[in-house]
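All chains are named by letter (A, B, ...) in the order of the sequence lines, taking the proteins before the strands, and each is independently numbered beginning at 1.
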Amino acid sequence: MAASNTAEHAAKRRKTRQASGSVTIGGKTISVEGYLASSRPKQPEANRPRSIAPNSPQEQPTNLPSRQATKPVLPDKKAPYTKSRASNETKDQALLKARRELPIWQHQEEIRAVVKRLGTDVIVIVGETGSGKSTQVPQFLYQEPWCRRHKVKLPGRRDDIHVGGMIAITQPRRVAATTLAHRVSAEAGTPLGKGRSDGLVGYSVRFDHQVPRGARIKFLTEGTLLQELLRDPHLKQYSAVVIDEIHERSLDVDLLAGFLKQILFGDKTERGGVPLKVIIMSATAEVGVIQEFFGNDAMPGKEKASNVDLLRIKGRQFPVAILYEPQPVADLQDALLKKIFKIHVEEPLPGDILAFLNGQEDIESAQRLVEEYATSLASNVPKIVAVPLYGQLSIEAQRVAFQPARSPLTRKVVLATNIAETSVTVPGVRFVVDCGKAKVKQYRPRLGMESLLAKPISKSSAVQRAGRAGREGPGKCFRLYTEDAFDKLQDSDLPEILRNDVLGAVLTMKARGIQDVLSFPLMDAPEPASIEMALLHLHFLGALEDDGAITPAGEMMARFPLSAPLGAVLLAAAGPEFDCVLEVIDAISCLTSGDDIFIHVQSEEGAEEAEAHRRDVQRREGDIITYLTTMQMYAAENSDRIDWCKKRKINIRNMKQALNIRRQLRGMCLKEKLLSEMPAPDPQPFTPLSPERAEAVIKCFLRGFAMRTAMLAPDGSFVTINGKHVVAIHPSSVMHGQKKEAIMFLEHVYTNKNYAKKVSAIQAAWIAEALGRGVGH
DNA sequence: GAGCACTGC
C-alpha cells in the first residue's frame, strides 16, 4: 500500500513538473525537458545505447585494463602495500606481473641504452598518465654500471671522496614523493617500514626523511633537492637526477633545471670527472621549450649543440569524447547547472560527474542549487548528490568527495577547484564539466602586489581536465565554451616563475654561488626589471652587500624554509635589541601553515559563534599578535586540542602543520645559534604577551615588511607608503573596520579590491625607523 | 564592511 502510494505521489509530481518542463531553483528557471517525463529504467544498464552528440568523436571500444594509477591518489597515511610473510612470494610475482604490463616496460632496454650514452645531453621521456614512468624508470637504471659509487681523488685533497651511486627523482608534492617511494620500495623487494635500516629505496621530504642504508633510489620534493644543492652544489651523491612532472613548471623545477644544466656543462672536477645523467619526464607533449633549453644553445659560451633524446610512451587512458557548446554561454553558473542536470538525465549510471569551477564561492552556490534540484526529483529516478572539493576544506570533508555516493542509484557530482586537476584523483568519474576558467595568482612587480583573478585556462589544462573522465572507462567531457574558444586558448599555462615574485628565486641563486643572476640559464626568464627589483629588495633585507655579493645573513636566510622577508624578521628577532625569537617563531609558524588557520565560516550564526569563541586569542595589536597568541594557547592546551580548535573554528590540519614548522624552526635556530638553548617542552602555562613584547615582535616584522605599510588618510582610507595606493583591510583580518594611525600588512592582494591581509597596527614613527636600517645594517 | 587556485623548503 505504501509503495503504491509513493508511486502515485511520484507520478503526480512528475506530471506537474512535466507540464512546465522546467524547475525553478534559486530564482532561476532551468529547463529539464525530457527528464522528469522520461520513463527511465530503474536499473540503468551499462550497455544502454547512448546518443552521441554530432560533434563528438565516436567512442571506441577498448581492451585496456581498467585501473592504473601511478600517481598517488589522495593523501593516505598507509603505504600502498602491506607486508604479509605467508604470501610474500606470490605478492612479489604479482608485483612483477603488474610491472610487466605497464606500457613503459617495453621501452626498458631503449631507456637503458640511451641513458648509458648520455653525456652533456639529456633524455626527455613523455609518458602519458598511467605509463608507469615514475615508478619504473629509476628501477630500470639503478643497477647500471654507470650508477655505481665511484671512489675518486680530488686535486689538492688528501682523502678520497665518493661520487654517485644514487638516483634522485623529484616530485612537485610531498604525498607524491612518499607514496611513490613506498610503492617502488615494495616492487624492489625492500619495502619501507619501521625497523628496517636497509633498503634500496628511500625518500626525503620536509618533516619526513626515510633513506635506508644502501638506498640507490631516492624520491624527493623539488624543494628538498634545492636545499641539498645548497650543501652540495655538485650533487655528488647522485649518478643521475630524474626530474618528474616537469610540465607543471613549478618555480622550483625551473630553478632545478637551471642548476642541472650548469652541472652538465660546468666543470666536473668537483665530481671527480664523474658525469651526472639527467632524465626529464613530462606528462604532456609540449616539450619544445625543454628540448631547446637542454639543447645547449641557451648556455652562454657553448657552441656545440647537444642531443636531446625524446621518447614518447603511450599511457593508459580510456578515450574521452569532447563536447563543446555550440554558442558562447552568457551565464557560466547557469550553463554548468543545466549541463549537470542534462548529464544526470541522459547518461547511464554508474558514472559520477566532476565539475571544474572557479573557486569556493561558485562551488558553494552551485552546491546549493544542485541540492535544490535534487529535492525536486521524482522518487523513482536516480538521485543526485553534490559534494564540494577544494583545498581549504577539512580532510574529512574532502574525503567525502573520494567516497562513492552512500545510497545506491545515486549519482555523485563533485564540484571542484583546480585541486582535482593535478593534486588529487577522484575515483568513479566518467563525466567532466569544464567551465574553462581558473583563478590565477599573478605578481605585479611594479606595484609590489599580487592579483588573484579568474582567467581562461590553457589548452593543456583543458586536456588535463578532460582526462579525468577517462581514468576508469570511456568518458565524456563537456566544455562550457565553443570549439573556437578552445582553439584560441593559450597552449600552456604561464610557468610559475613568470607569475611569482622572484625574490626567493634570486636569493636561492645567490646562495648557491650564482654571481650574475641575469645570465642564469632558465627555460623562461623573468623580466630583467623584476630581477633587479628583487636584488634591491634583498639588499634592503640585508641579504646582499652593496656589490651584490651574498652576506652571511643572506646565506642564513636561504637556509631557512621561509620567504626572504620572514627570514629577515627571524634574524632581527635574534638581535639583542628585540630578543624575541621564540615569539616570532610562534607567529611565523601560524602565518605560514597553509592558507589560514582560522576557518572562514559561511553562515552568520556560525561566524558569530566562532567570533565569540575566538575572543580569547584575538588581540587588538593585529593579526600577527593574534596568531602568536593562538599558538601559545594551543601549545598550552593540555586536555583536548582538537576540541579547542573546533570551538574556535580553527583548521586542525593547519594547526598541526604550524606545530611542525615551529619544531623545525626552533631546531634550526638552535643550530644557527639564533637560540642559545632549546625551550622547555609543551605544554607550558599560558601567559598573555605584554604590550611591550608585542611591540618588539611587530617591530621585528617591520624589518622585513617596512615597504608593506600604509598610513591612514583624512578620508579614512589607508594609503601605502610604497606607491601611494589605496588599500582596504581584508575582512579576514582582526583589524578589519578599524582605523589606526598606520598599518603593516604581510600580504597585498587584488581581487575585487586592493586588499591588505595579515595586518598589524603600527605607529608612523616605526616605519621611518625600520626603513632607516635594514637587518644587516 | 565583506571573501581566497595549488604547491614547497
How many Å lie between CD on A:Gln657 and P on B:dC9, as a whole number? 9 Å
Distance check, rounded to the nearest 0.5 Å: A:Ile457 atom CD1 versus A:Lys439 atom NZ? 15.5 Å
To the nearest angstrom, the CD-P distance between A:Glu248 and B:dG8 comes to 11 Å
What integer distance in Å separates A:Arg559:CZ from B:dG8:C1'? 19 Å
Looking at A:Glu450 and A:Arg444, is any side-chain nitrogen of the basic one under 4.0 Å from a carboxylate oxygen of the acidic one? no
Let me know the distance between CZ of A:Phe219 and P of B:dG8, rounded to the nearest Å. 16 Å
Just checking A:Glu286: does its CD atom have more than 12 heavy atoms from other residues, nucleotides or ligands closer to it than 6.0 angstrom? yes
So, is the end of the A:Arg479 side chain (NZ or CZ) under 6.0 Å from the ring centre of A:Phe486 and within 45° of the ring's axis? yes
May I ask you to say what A:Val205 touches in the nucleic acid, namely base, sugar-phosphate or nothing, with a heavy-atom cut-off under 4.0 Å? sugar-phosphate
Could you run down nucleotides 2-7 of chain B 5' to 3' and tag each one B, S or - for protein heavy-atom contact under 4.0 Å? BBBBBS
Take the protein atom CZ of A:Arg249 and the nucleotide atom C1' of B:dG8, then report the distance between them rounded to whole Å. 17 Å
For residues A:Asp501 and A:His537, is any side-chain donor paired with an opposing acceptor at under 3.5 Å? no
Inspect the surroundings of NZ in A:Lys437 and state if more than 12 heavy atoms from other residues, nucleotides or ligands are less than 6.0 Å away. no
Name the nucleic acid region contacted by A:Leu562, choosing base, sugar-phosphate or nothing; use a 4.0 angstrom heavy-atom cut-off, strictly under. base
So which one's nearest nucleotide on DNA chain B is more toward 5', A:Gly737 or A:Thr221? A:Gly737
Atom CG of A:Leu230 to atom P of B:dC9: distance rounded to whole Å? 15 Å
